[in-house]
Amino acid sequence: MAEREERSKAASTGSSGLMRPPRTRLDQPKSPRRRLLPEYDPEAFGRFSERIARFLGTGRFIVWMTLIIIVWVAWNVWAPKDMRWDEYPFIFLTLMLSLQASYAAPLILLAQNRQDDRDRVTHEQDRKQNERSIADTEYLSREIAALRMGLGEVATRDWIRSELQDMVRDMEDRRILLTSESDEGDR
């Protein structure tokens, strides 16, 4: 027993004498690792970005943005000198608009990508439904063709009527022939 422990210890240290980390069991899940970045729900973030993208594409956003810029410029032009926070070249306003645009663009792209994914799934489902419809239509076409071919072999009312009329004519001809022969035989 002691010999086995020494062998396992020697195997774990290797030839260099350094300790290897203990082997993990494959039949058990790994313990969660600590992450430096916070975790987030990508679906929740995607829905949030879609709401923002929808708002950025409305007239209400444009009106509010226009009003804020007008108030900003008016305040920084006509307010008392000591109360202005952004003088004429409006550097801070430019910075704020650039910041808003730098966040809006990726959020809009994320919302578009999510919409593309939904459209792709919808198109795939439509394509499969169309394939099923085409297969059903082809099957029904074959069935109708088979019925038509089968009906071609079935006796129709007009065909039976014409056959009966031919038979009646033949019988009348035979009767006429028979009566004429019987009249000749009587003489």
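Nothing here was measured: the structure is a model prediction, and the numbers come from that model.
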(message) Under 4.5 Å between side-chain heavy atoms, counting indirect links through other Ile/Leu/Val/Met/Phe/Trp/Tyr residues: same cluster for Val168 and Ile176 or not?
(response) no
(message) For a 4.5 angstrom cut-off between non-hydrogen side-chain atoms, does Leu67 reach Val63?
(response) yes
(request) Return the orientation label for the Phe45 and Phe48 ring planes: parallel under 30°, perpendicular over 60°, tilted otherwise. (result) tilted
(message) With a 4.5 Å cut-off on side-chain heavy atoms, are Leu56 and Gln100 touching?
(response) yes
(request) Sort out for me which residue in Gln115, Arg120, Arg114 forms a side-chain hydrogen bond (donor to acceptor under 3.5 Å, both in side chains) with Asp117. (result) Arg120
(request) Give a yes or no on this: more than 12 heavy atoms of other residues, nucleotides or ligands lie within 6.0 Å of atom CZ of Phe61. (result) yes
(message) Quick check on the hydrophobic clustering: are Trp78 and Trp75 connected, directly or via other members, by side-chain heavy-atom contacts under 4.5 Å?
(response) yes
(request) Tell me, with the steps shown, if Leu97 and Met65 meet side chain to side chain contact (heavy atoms under 4.5 Å, CB included). (result) CA-CA 10 Å; Leu97 292 175; Met65 184 63 101; 4.0 Å; yes
(request) Indicate, with yes or no, if Ile69 and Leu99 share a hydrophobic cluster defined by side-chain heavy-atom contacts under 4.5 Å among Ile, Leu, Val, Met, Phe, Trp and Tyr. (result) no
(message) I'd like to know if the side chain of Asn76 and the backbone of Trp85 have a donor-acceptor N/O pair within less than 3.5 Å.
(response) yes
(request) Supply the atom-to-atom distance Glu50 CD to Leu107 CG, rounded to the nearest 0.5 angstrom. (result) 11.0 Å
(request) Assess whether side chain to side chain contact (heavy atoms under 4.5 Å, CB included) is satisfied between Glu39 and Arg35, documenting all intermediate values. (result) CA-CA 8 Å; Glu39 292 186 29; Arg35 296 181 181 234; 3.5 Å; yes
(request) For Ile160, enumerate each residue passing the side-chain contact (heavy atoms from CB on, under 4.5 Å) test, keeping only those at least two apart in sequence or located in another chain. (result) Ala155, Leu164
(request) For Ala53 and Ala111, work out which heavy atoms get closest and say how close. (result) CB-CB, 3.7 Å
(request) May I have the step-by-step check of side chain to side chain contact (heavy atoms under 4.5 Å, CB included) for Lys81 and Glu87, ending in yes or no? (result) CA-CA 9 Å; Lys81 201 82 155 144; Glu87 292 294 323; 4.0 Å; yes
(request) Answer yes when Arg169 and Glu172 have at least one side-chain N-carboxylate O distance shorter than 4.0 Å, and no when they do not. (result) no
(request) Output yes when a side-chain donor or acceptor of Arg60 lies under 3.5 Å from a complementary backbone atom of Phe55, and no otherwise. (result) no
(message) Let me confirm one number: the CZ-CD1 distance from Arg142 to Ile144, rounded to the nearest 0.5 Å.
(response) 11.5 Å
(message) As an exercise, state the distance from CE of Met96 to OG1 of Thr94, rounded to the nearest 0.5 Å.
(response) 11.5 Å
(message) Would you say that more than 12 heavy atoms from the other residues, nucleotides or ligands in this model lie under 6.0 Å from the CZ of Arg118, or not?
(response) yes
(request) Using a 4.5 Å cut-off on heavy atoms from C-beta on, say whether the side chain of Val77 contacts that of Tyr88. (result) no
(message) side chain to side chain contact (heavy atoms under 4.5 Å, CB included) for Asp136 and Ser133? Distances and angles first, verdict last.
(response) CA-CA 5 Å; Asp136 290 346; Ser133 296; 5.6 Å; no
(message) Nearest 0.5 Å, please: how far is CE in Met171 from CG in Leu178?
(response) 11.0 Å
(message) Starting from Leu93, can I reach Leu95 by hopping between I/L/V/M/F/W/Y residues whose side chains sit under 4.5 Å apart?
(response) yes
(request) Can you measure from CZ (Arg132) to CD (Gln129) and round to the nearest 0.5 angstrom? (result) 4.5 Å
(message) Is there a side-chain contact between Tyr40 and Pro38 in this structure, where contact means two heavy atoms from C-beta onward sitting under 4.5 Å apart?
(response) no
(request) Answer whether the closest heavy-atom distance between the side chains of Asp41 and Arg47 falls below 4.5 Å. (result) yes
(message) Distance check, rounded to the nearest 0.5 Å: Asp116 atom CG versus His123 atom NE2?
(response) 9.0 Å
(request) Could you tell me if the ring centre of Trp72 sits under 6.0 Å from that of Phe92? (result) yes
